Amino acid sequence: MSSALKLTIANLDEAFGDVLVVLVGKDGKLGPEAAKRLGKAGAARIAAAAEAESFAGKSGATLSLPAETGFREKTTHLVLVGTETAESQKADFLKLGGQIQAKLPKGRHASILAAGPDGPIGPDAVAGMALGMKLAAYRFDRYQTQKKGDDAEAPGASAVTLLAENAAAARRELKTQDAIFSGVTLARDLVNEPPNILTPTEFASRAAALEKLGVEIDILDEKALKKLGMRALLGVGQGSEQESRVVIMKWLGAKDEKAQPVAFIGKGVVFDTGGISIKPAQGMEDMKGDMAGAAAVVGLMHALAARKAKANVIGAIGLVENMPDGNAQRPGDIVTSMSGQTIEIINTDAEGRLVLADVLWHVKQKYNPKFMINLATLTGAIMVALGQEHAGLFSNNDDLAGNLLKAGTATGEKLWRMPLGPEYDKIIDSKFADVKNSGGRYGGAITAAQFLQRFVDGCPWAHLDIAGTAMSSPSTDINKSWGSGFGVRLLDRLVAENYEG
Ligand code: BES
Ligand code: MN
Ligand code: ZN
């Protein structure tokens with residue numbers, strides 16, 4: 001559940017609220033709009049305060065001041081925000097929005113003069129700043145019954161008005177950004193939900209709610225999955241009381257409804273105990289987030305449908321719970337995947353790849369997409385390799401990988417390309433079956449990717465290992481939540497830049 005931020009966009013000459021945020025340049029230098037609105041006295045006061053506090057106007061640095069009496073009827077606080085190094089890029093304004101949100105006093109009406117030291121800020125940047133503020137204000141407080149409203153940890157003003165040069169255009173752009181915001185919020189909510197609530201069936205019904213946005217939903221239950229032969233996926237869920245599900249979401253927004261779609265596939269292990277190869281107790285609660293790939297796919301489908309993206313997009317998620325009961329899968333078991341390839345189970349904790357193997361194969365056979373991109377909290381090894389700043393990118397297609405890397409840089413959801421190759425692939429050959437589900441510790445993220453590649457049937461494909469970026473990631477300017485919603489903005493951008501219109 002998000003604490004919603006009430007945000008509006010008005011013209012530059014609109015009256016100020018209780019709090020006024022002014023973007024300033026080097027050493028607190030005011031731009032022309034701010035100089036005009038604040039007058040000589042205001043400008044002198046700001047220059048003096050900047051000097052006294054040695055405020056250099058570095059990007060993101062802030063200085064809060066009481067507004068002197070008579071300065072402006074209503075305004076009681078000024079917040080100076082440095083923009084010295086802000087380039088005219090959306091990612092920077094997104095960040096700036098988050099930084100501003102954190103500095104606004106609670107319960108007040110804040111106005112932000114969306115004009116920098118060099119003049120007004122364009123509509124895209126204004127909307128980007130608004131998105132940054134909203135993302136920063138998100139808190140998951142659904143289960144905190146004692147801490148609500150004023151007590152809640154969420155910072156920020158009760159209402160924010162962005163004063164912009166071309167308010168109408170900025171408002172139009174904000175509509176798009178709001179669609180993306182609700183997609184990210186949905187993904188974060190799903191990742192943050194506890195695993196007793198968010199079972200595979202509950203997850204499926206949350207995904208089914210996208211129907212109201214015009215997304216076609218197909219929920220495959222265990223009977224349907226058996227019929228399709230998804231025994232790799234079903235094997236993971238067989239030690240749980242909870243039934244497994246696969247959900248297929250279809251958004252047909254292209255001019256031609258029959259045009260070849262693109263496809264996004266998500267790992268949705270609603271809780272990963274490790275199964276019989278059980279995980280240590282320490283930190284196991286984090287494994288409620290092992291469905292972050294599926295959450296990102298649902299959030300992405302929401303964003304695309306809400307902004308009526310002109311593309312045909314398939315979203316597919318494999319939903320299972322990995323538990324160790326008397327019926328659970330064992331190390332040594334051999335299962336036959338939907339593709340016909342047999343898999344030797346070495347470690348029941350390498351379950352995500354088993355789920356994805358069948359969903360990838362199914363999507364390729366049924367929808368023949370232009371490409372498949374899967375998202376998964378797949379390995380601890382990717383965190384050893386990349387930490388929590390980049391998600392691992394594995395791909396059999398350089399164009400797709402290039403587009404993804406570009407979208408990553410543009411959105412700040414950064415990717416780092418990792419290698420694939422026959423030498424790595426050999427490691428997962430099995431003594432008893434066609435392939436084994438673990439290649440051991442060395443190159444663990446890579447051998448996991450090699451496993452997936454055996455199930456894409458030559459389709460252009462990319463795998464994003466988001467174990468380090470989707471949950472429990474360090475707090476940033478635009479994310480204070482345990483579940484980050486990583487992947488929604490990235491893939492929305494990928495579609496917008498390459499597959500629409
Ligand atoms: N869900 C985990 C990976 C994970 C670890 C995600 C930490 C987020 C945080 C995955 O199912 C797993 O257990 N992977 C094993 C694979 C191994 C048994 C081959 C791992 O990474 O240790
Ligand atoms: Mn596991
Ligand atoms: Zn897992």
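Each ligand, and each atom within it, is numbered from 1 in the order the structure gives. Just so we're clear, the structure is a prediction, and the values are computed from it rather than from any experiment.
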Exercise: do Thr379 and Asp465 side chains pair donor with acceptor under 3.5 Å: yes
Which parts of the protein, at residue level, reach under 4.0 Å of ligand 1 through a heavy atom? Lys267, Asp272, Lys279, Met287, Asp290, Asn347, Asp349, Ala350, Glu351, Arg353, Thr377, Leu378, Thr379, Gly380, Met383, Ser438, Ala467, Met471
With a 4.0 Å cut-off, would you call Glu193 and Arg206 a salt bridge? yes
Taking atom types as modelled, find out whether Asn192 and Ser481 have a side-chain donor-acceptor pair closer than 3.5 angstrom. yes
Protein N, O or S atoms less than 2.8 Å from the Zn ion (ligand 3), ignoring waters? Lys267 NZ, Asp272 OD2, Asp290 OD2, Glu351 OE2
Lys/Arg N to Asp/Glu carboxylate O, Asp398 vs Arg417, below 4.0 Å: yes
Please confirm whether the backbone N or O of Thr476 pairs with a side-chain atom of Lys480, one donor and one acceptor, at under 3.5 Å? yes
Do Ser339 and Gln341 meet the criterion of a side-chain donor-acceptor pair at a distance under 3.5 Å? yes
Please tell me whether Gln238 and Asn327 have a donor and an acceptor in their side chains that are separated by less than 3.5 angstrom. no
Between CD of Gln177 and CG of Asp124, what distance do you get to the nearest 0.5 Å? 7.5 Å
Using the ring of each side chain (for Trp, its six-membered ring), is His463 parallel, tilted or perpendicular to Phe394, with breaks at 30° and 60°? parallel
Suppose the cut-off is 2.8 Å; which protein N/O/S atoms would you list for the Mn ion (ligand 2)? Asp272 OD2, Asp349 O, Asp349 OD1, Glu351 OE1
Short N-O contact, Asp492 and Arg307, less than 4.0 angstrom: yes
If we check side-chain contact (heavy atoms from CB on, under 4.5 Å) with Met291, which of these qualifies: Leu198, Leu319, Val320, Val269? Leu198
Which atom pairs, one a donor and one an acceptor, fall under 3.5 Å between side chains of residues 420-427 and the rest of the protein, sequence neighbours left out?
| residue | atom | partner | partner atom | Å |
| --- | --- | --- | --- | --- |
| Asp425 | OD1 | Gln450 | NE2 | 3.4 |
| Asp425 | OD1 | Arg454 | NE | 3.1 |
| Asp425 | OD2 | Arg454 | NH2 | 3.0 |

Just checking, any donor-acceptor pair under 3.5 angstrom between side chains of Thr273 and Asn322? no
